[in-house]
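Predicted, not measured: the structure shown is a model, and the values here were computed from it. To find a chain, count down the sequence lines: A is the first, B the second, and so on, and within it residues start at 1.
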Protein chains: 2
Amino acid sequence: MKKNKKISMKDISKELGISITTISFIINNKAENKISKEVIKKVKDYIEKVGYKPNSSAQSLRTGKSKTIVFMAEDISDPFFSAIAKEMETIAFNNGYKIIYCSTENKKERALELLNLFKDRQVDAFIITPPEGFEDELKNLIYGENQVVMVFDRHFDGFKHNYVVLENYNGAREATKSLYDSGKRNIAFIGIKSVLSPLSNRLEGYRDSIKKYNLKEYSLLILFDNIKTEKGRDDIKFFLEKHPEIDGILFATNNLAISGLRVIKNKGLLIPEDLGIISFDDRDVFELFTPPISVIAQPVQELAEQLIKGTLKLLKTKPFKEDAFYQKALKGKLIIRKSQ
Amino acid sequence: MKKNKKISMKDISKELGISITTISFIINNKAENKISKEVIKKVKDYIEKVGYKPNSSAQSLRTGKSKTIVFMAEDISDPFFSAIAKEMETIAFNNGYKIIYCSTENKKERALELLNLFKDRQVDAFIITPPEGFEDELKNLIYGENQVVMVFDRHFDGFKHNYVVLENYNGAREATKSLYDSGKRNIAFIGIKSVLSPLSNRLEGYRDSIKKYNLKEYSLLILFDNIKTEKGRDDIKFFLEKHPEIDGILFATNNLAISGLRVIKNKGLLIPEDLGIISFDDRDVFELFTPPISVIAQPVQELAEQLIKGTLKLLKTKPFKEDAFYQKALKGKLIIRKSQ
DNA sequence: ACGATCTAGTAAAACGTTTTACCTTAAAGC
DNA sequence: GCTTTAAGGTAAAACGTTTTACTAGATCGT
């Protein structure tokens, strides 16, 4: 029962009296009009029979390709990113790729550390949600080191790169409009202090929308590190107390909304009577909340598909042509529930 | 700016006029009383200077080790598993290991497929939450193929293996007791139809507890595939309608509780007046629910630590001794909130 | 009939390590 | 003064592939 030794091409070669080269050609489908049908069948049958699988380390060493993609997420334990990860997983596996995940925690240093770890590890491509201030590293990775990199969830203006993102600006406009349509006239935006595109675009969308309706802007931007902490909740609390006239809130992320909802609940404010609420990103807590919270849901399935398929496509056409960037912005879906 | 060629040992060897062997020894810390301090320093400095990192494919090919661990979770997008994954990630990286994640969906066929995919890919260890009916495969993997495997979240009785699990039996007893202590006398158990240890042990804990208090058993076991579906919710609904005397429910998993809470909310039942609620596994939805739901929280951090540290330990001591199994059962933490 | 072309296949180098077995020189032991 | 031993180091094989360059024989066109 104990299989001690893995079978290799050499073994097959010896057993069948066929050269290793021939076997390699057959395995890699390069046998077309080189090798006779009979030999191909013989080898394929034998391979099937003994369950031979090529040694991937040897393949990697020889070809320089590892069939590995790194997904550097902001936080892989965040439901949004882990849902994306799971969808990608399957497609990647089906294409012979494996994915390695890691979390940057939105820290530049952490991201750099991880990047260095992987740069030397024969990785074929990076799918990455870069933290703030990572432009130079990213630029170098793409243009200096010539790596395949797909940027996710955010994008930069200074240089061309592949990306898959949400239509954040439009999403924020739609969300603001829906609060307005529910009769809210003092609509606040609670976001994160950051220049990253999803955050800044959402703020922009909110602002333009507010302006259009001639409303006053109320915006609170809290620090990324404080989102889930007491400090962040206090920020929100003080903000609401300072502007008691606020009657609607657009939260820029799900975690922000969760902190916000805790504050609102503690203060005994009524949703939607006192405050209309809408948040970016859907999570089951929003549906189960009393009352259920409206959201701009990200199309997780579609995002994941675009991400991984785009990356695989880039991998196939590498070295890439200047004009062949993969850039997608997908629409969010407004789901109106009872919170406005 | 464009670095075209990776630096290799051969390059260092040429540049420094030192043999590849010596360099290898130094890199692998086998230079102790073989190589002089000066040479060691010279090589280390040079490596530092040019930022050389060994080619991992070549290392894998030569050593047969890939420094890769597969974490085959039930569902990597489940908050519990993704939280575990994230914790493990860091520790693994710090020890020079990378982790590849995948999800079995609790399907035997899917797990088998994944296993076959990885068996031929030079993986050093498996951390796995086996689906039902996977005992034989697991046994073969451990004893037949001599792989390092750590079983997570569940364990089997028929054969010895490494595992890290929760103390499910005691957790269920504690949970039932806390419902009893809140004055509930018709306590139901809503679980999953499965022979996997966490599910069966939780049911057992509930049963023994009920017996101790001389209460009547009310248990509903629904199919894994139905948990998040309409069908599952209907099962719960009918169950509650059939036994209107039920005044407390212990949910065996978080997803079950979420489905249950949707039903309870729809039916307009009051928590905790009509129904006391407690669930296994904590999630932020439980804290934010109205009223907040009591839980038996799993010690995620500790579980992850045990898992990865245990696995690394096994990896170090392989080939393993018969008596050196790594087996841990950790206590859950009862968090009483307003739902009982 | 003879070189050209095609068919079916192979030998051997290369990828970048690790590791075994060996070598040289100098000091130590007696 | 001769043999051992230690210190410091190296050559070369091996891991299992992919790929380039080659070959032997058959077929073909003229």
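- Toward the 5' end of DNA chain C, the nearer of the two residues B:K30 and B:L61, judged by each one's closest nucleotide, is B:L61.
- The distance between atom CD1 of A:I26 and atom C1' of D:dT19, rounded to the nearest whole Å, is 16 Å.
- The shortest side-chain heavy-atom distance between B:I100 and A:I99 does not fall under the 4.5 Å cut-off.
- Judged purely by atom type and a 3.5 angstrom limit, A:S77 has no side-chain atom pairing as donor or acceptor with the backbone of A:S82.
- Checked against the 6.0 Å centroid threshold, A:F93 and B:F118 count as a close aromatic pair.
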Query - Where protein sits on nucleotides 7-14 of chain D, one letter per nucleotide: B base, S sugar-phosphate only, - none, heavy atoms under 4.0 Å - result: -BBBBBBB
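- Here the side chain of B:N95 pairs no donor or acceptor atom with the backbone of B:L312 at under 3.5 angstrom.
- Of the possible polar contacts, none joining the B:E87 side chain to the B:V300 backbone as a donor-acceptor pair under 3.5 Å is found.
- Annotation for A:Y46 and A:E15: closest pair OH-CG, 3.2 Å, computed over non-hydrogen atoms.
- At its two ends the helix from C:dA1-D:dT30 to C:dC30-D:dG1 runs along axes set 50° apart, each axis drawn from five pairs and the angle rounded to 10°.
- The stretch residues 53-60 of chain B touches DNA chain C through B:P54, B:N55, B:A58, B:Q59, each having a heavy atom under 4.0 angstrom from the strand.
- Not a single donor-acceptor pair under 3.5 Å links the side chain of A:S103 to the backbone N or O of A:E105.
- Ring-plane geometry between A:F152 and A:F81 is classed as perpendicular, the angle between the planes exceeding 60 degrees on a 0 to 90 degree scale with a lower cut at 30.
- Shown are A:Q306, A:H161, A:K313; of these, the side-chain hydrogen bond (donor to acceptor under 3.5 Å, both in side chains) with A:Y326 is made only by A:Q306.
- Of all heavy-atom pairs spanning A:A85 and A:Y101, the tightest one is O-OH, 3.0 Å.
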